[in-house]
Amino acid sequence: MIDVIELTVNGDVHEIGVPSHYSLLEALRYVLGYTGSKQGCDKGDCGACTVLLDGVATLSCILPVHEAIDHEVTTVEGLVGPDGPHPLQDAFDLCGAAQCGFCTPGILISAAGLLRCTQDPSREEIREALSGNLCRCTGYTKIYEAVEVAARAIRENRSPSEVIHA
Amino acid sequence: MKLEDFRQKQAEAAGSAEELREALEREFQVIGRRLRRTDGLAKSTGRTMFADDISLAGMLHGKILRSPHPHALIKSIDASAALALEGVHAVITGRDMAVTYGIIPWTRDEYPLCVDKVRYVGDGVAAVAAIDEDTANLALDLIEVAYEVLPHHLDPEEALADAETPIHEPRKPGQNGNVSKHVHLEFGEVDRLMSESDVIVEGEYYFEGSTHTPIEPHCAIGYYDASGKLTVWSATQVPHYLHRELARVLDLDVAKVRVVQPPVGGAFGGKSEPFDLEFCVAKLSMVSGRPVKILYTREEVFYAHRGRHPMLMRYKTGASRNGRIKAVDASTIIDGGGYSSFGLVTTYYSGQLITAPYTMESYRFDSTRVYTNKPCCGPKRGHGSVQPRFAIEIQLDKVAEALDIDPIQLRRINFLGADSRTINEFRVTSNGFPQCLDAVEKASDWKDKYRKLPYGRGVGIAGSCYISGTNYPIYPNEMPQSAVQLQVDRSGRVAVFCGASEIGQGSDSTFAYIVAEELGVPLDYVRILSADTDLTPVDLGAYSSRVTFMCGNACIDAAQKIKEKVRKAVSDAWECKPKQVVLAAGWAFDAKDTDQKMPISEAFNLAEAKFGTLGATGSYNTPKDIHGEYRGGTIGASPAYSFTAHAVELEVDPETGFVDVDKIWVAHDCGRALNPVLVEGQIEGSAYMGFGEAIMEEQIFKETGLHNAPSLLDYKIPTSLDTPEMEALIIESVDPEGPYGAKEAGEGPLHPSIPAIANAIYDAVGVRLDRLPFSPPRVWAALGERRKHEESGKLAPWKQPQEVELPAAGD
């Protein structure tokens, strides 16, 4: 059965038809074409599907799409603004925090969620915030560095590149 | 100075003479700098298109029906009800593509879908293509398969003993059909030298199986178009081998098959051979006329496996009083699962790859790979050598203890040396192992900690080596193992076409760095197009840590051909010698007079006017005569070896057996770090993966043949909260044959993780763990055993455990 619903994704309001049993992830990937959020396990175990729901990191593969109606969804694509990538995205690139890049969208979203609440997170707070995102390539080390660089860049209103070279 | 900063300054200074003189003084302009990847921002902005992100109009969804039995004959398959279901476009079974294949040409023992029997729970028997996933799943339920269940074996020793209903037909009558491969090799006189040894240590070690768990599940799309051309997009590490096998199995002209490999979301050896889904999407498309996609569920990834072989290893090591290793005798049973995969190679590696970095006066190994009714094992990061490395590094720790020699010192005493041959005749050239030992010894404050930390805390050491690519390709041929094609544009852009597979390790970026270095173009002027068999020259794939070394050399080869032409054209214009012309930092300039310069694009235009359109191919093939002539002597041979040392500090909680690894120091000799950020990433990722195997991962099965934990919730891989602090220390021995001296960094740094942790546990609490993983129940039980021996007086208390006074009642 197809339901017609309204979803707000990355600031745009979309009226779409979705099978009624669809998860938010399926709606994003198959109906709206936002393939940045990934399907790693389809069961809520790996975190690769993480999006922000009203600014809170949420597993989209186990969220029924109906529960996203009347909420603001932000995907990794939505972190890029007209002025360029989010400081987190730029810091990840500079620090080598993404290798294969498959877990990266989910990790960025979880980190973005953290930075909305905590402007100067400790290493421990970063590890906690990312504990629901599995990465198999990096061992997490450069991810922490990138988040710390991005947090500092945002606080000091500088680019991540300037922060690293300081 | 970073290249991007350099370019900015260059634009501002308009190529001042001073800038160019500085460029002359540097050894390299690009190589060795901490640079961004060329694909980094695409990844962090979610724009990278992985296989599952690709969608084609009219695309159908495929699903594979899998055996519920670990061992059974297929008596019949009735798919009529599935075919009749609305929305189902095609149903296929094994008989539709009954040609055997296998990554190793000598052991082609699998079908894309099973034809007459299934060999593990999860073995594929049929596939459907339907308009959506739900319809496909419904269709699977409607396929009726009649099985005749056979007795099964999950334990390799049992399978070896009882081949009444063999898993595979024996190759020759009378042979044991459950034996996949047997290798016995001896170098020097082991028995005599063992008897002459002053100390002999023995041990039995069991290395549990583990699996890759890349975050991206396997995914493939097949499209057989109206012209009869098949295109397969697949998250594979080996597009060239896949190309060949698709053509052969599906009986298609190889020139009418195209394999496109999108960026891969992690592989680690788990995507380095053809898989059922690739053949199925192709065949389903051929039958239905539509594009077909299959995405494995996470559960299917666990069953597809091709991961770490469980190995039961019995080791005997003899040493002289001064610490020299006189004899090593190893006997290994390898649990192969249901098929061969790379098993022939694994069996050789299980013995061949531990003859460096230490000298051994004699060495013997006997390894038997056995089939069992479980998902097939294959290459996982450090293929076939992580397990024996675990055994030998603990053996060395035991020898060090018996001789009262520091374990790092023991390794120094037995150092093989650079420019030498191992006892099994592999040629070793650059060898930075002593620098690796020095680095971790210093960084970890080893001398102040070894056997000196309070009870419960300990440090451990281990070393290792690994190949930078195999000396020979998987199918025998004399052609280059890697090639690139460069194309230079009038705007100054350079396009690099290479067959090499970007699987997250940074290969695309590495080729860009090399081309930018050689041709002096800004980094973002370089475009990489990789792994499309229609467009790119052959590279054998991302396995055995070969890509940087082999494709890197091919890039240099091609770039230097173009460089020669450009220098000639410019030197003609300036009437100077070609070797005075330097291409660097976006300019061509005269080394003797840096005021004489032109932008690089202008230099390219001059060359194009003189020589015609600029392009070049480059290739690489391995040297011969770097191994022995005995049978199997080539397996383990490599043009260069990397070396690694780990030091680990950890704490064991004696109440719970919980092992808390505080820090891992990893020193890795990668020859030269072309981009230290990428090399550190490989070191950290490898150490993390080894840590996971040591502490928590197990690919184990229930009696029924079902996987014990086929989810990322239950199969434990380290989260951010579990992963210890890791410090990567890069050692550069500058290899004579590697590109700018570079060697591998993708697999070597994993090896010492596990034995270093085991040795640290011993330092902490005096128990030797010889089985993986070092889980709390296992550690706790071992502590209990030790306590019993201490109480009976058989062993002295380890590091004098502190007596804790319990508070008196009423406090």
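Sequence lines set the chain letters: A, B, ... in the order given, protein chains first and strands last, and positions in each chain run from 1.
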### Message
Whether the H21(A) and E26(A) side chains hold a donor-acceptor pair (N or O, under 3.5 Å, no angle test) is what I'd like checked.
### Response
no

### Query
Which class fits the ring pair H218(B) and Y296(B): parallel under 30°, tilted 30 to 60°, perpendicular over 60°?
tilted

### Message
Assess, by modelled atom type and distance only, whether the side chains of S711(B) and R298(B) contain a donor and an acceptor separated by less than 3.5 Å.
### Response
no

#### Entry: Residue I503(B) versus chain A: region with a heavy atom under 4.5 Å
backbone

### Task
Could you look at E680(B) and say if it's the side chain, the backbone, both or neither that has a heavy atom under 4.5 Å from chain A?
both

### Query
Are R308(B) and E693(B) within salt-bridge range, i.e. N to O under 4.0 Å?
yes

### Query
Relative to chain B, which segment of N133(A) carries a heavy atom at a distance below 4.5 Å: side chain, backbone, both, or neither?
neither

### Task
Identify which of V80(A), D42(A), D90(A) forms the greatest number of heavy-atom pairs closer than 4.5 Å to chain B.
D90(A)

### Residue pair T297(B) / E299(B), side-chain donor-acceptor N/O under 3.5 Å
no

### Task
Sort L108(A) into side chain, backbone, both or neither according to what part of it lies under 4.5 angstrom from a heavy atom of chain B.
side chain

#### Entry: Contacting region of L295(B) [heavy-atom separation from chain A under 4.5 Å]
side chain

### Query
Between R155(A) and E148(A), is the closest basic N to carboxylate O distance under 4.0 Å?
no

### Query
For Y140(A), is it the side chain, the backbone, both or neither that has a heavy atom under 4.5 Å from a heavy atom of chain B?
side chain

### Summary
From the list R127(A), E124(A), H86(A), the residue making the most non-hydrogen contacts under 4.5 Å with chain B is R127(A)

### Contact winner vs chain B - C137(A), C46(A), G36(A), heavy-atom pairs under 4.5 Å
C137(A)

### chain B contact via Y34(A) - side chain, backbone, both or neither, heavy atoms under 4.5 Å
neither

### Query
For S131(A), is it the side chain, the backbone, both, or neither that has a heavy atom closer than 4.5 Å to a heavy atom of chain B?
both

### Query
Any Lys/Arg nitrogen of D120(A) or R152(A) sitting under 4.0 Å from an Asp/Glu carboxylate oxygen of the other?
no

### Query
Can you find a side-chain donor-acceptor pair between Q89(A) and S44(B) that sits under 3.5 Å?
no

### Task
Can you tell which part of T48(B) gets under 4.5 Å to a heavy atom of chain A, answering side chain, backbone, both or neither?
backbone

### With sequence neighbours excluded, residues passing salt bridge (charged side-chain N to carboxylate O under 4.0 Å, His left out) with R47(B)
none

### Query
Looking at M726(B), Q505(B), E684(B), M689(B), which has the largest count of heavy-atom pairs under 4.5 Å with chain A?
E684(B)

### Proximal component of D39(B), with respect to chain A [non-hydrogen, under 4.5 Å]
neither

### Message
For V677(B), which atoms come within 4.5 Å of any heavy atom of chain A: side chain, backbone, both, or neither?
### Response
both

### Query
Going by an N to O cut-off under 4.0 Å, is there a salt bridge joining D53(B) and K38(A)?
yes

### Query
For residues Q237(B) and Q261(B), is any side-chain donor paired with an opposing acceptor at under 3.5 Å?
no

### Summary
If you tally heavy-atom pairs under 4.5 Å between each of E128(A), K142(A), K43(A), Q99(A) and chain B, the highest tally belongs to Q99(A)

### Summary
chain A shares the most heavy-atom pairs under 4.5 Å, among H212(B), E725(B), E502(B), with H212(B)

### Message
Under 4.5 Å from any heavy atom of chain A, what part of F268(B) do you find: side chain, backbone, both or neither?
### Response
side chain

### Message
Can you confirm whether the side chains of T211(B) and K380(B) place a donor and an acceptor under 3.5 Å from each other?
### Response
no

### Message
Counting heavy-atom pairs under 4.5 Å with chain A, which one of P214(B), P718(B), P263(B) comes out on top?
### Response
P718(B)

### Query
Counting heavy-atom pairs under 4.5 Å to chain B, which of C41(A), S37(A), G33(A), P105(A) comes out on top?
C41(A)

### Task
Among L721(B), D132(B), D722(B), single out the residue with the greatest number of heavy-atom pairs under 4.5 Å to chain A.
L721(B)

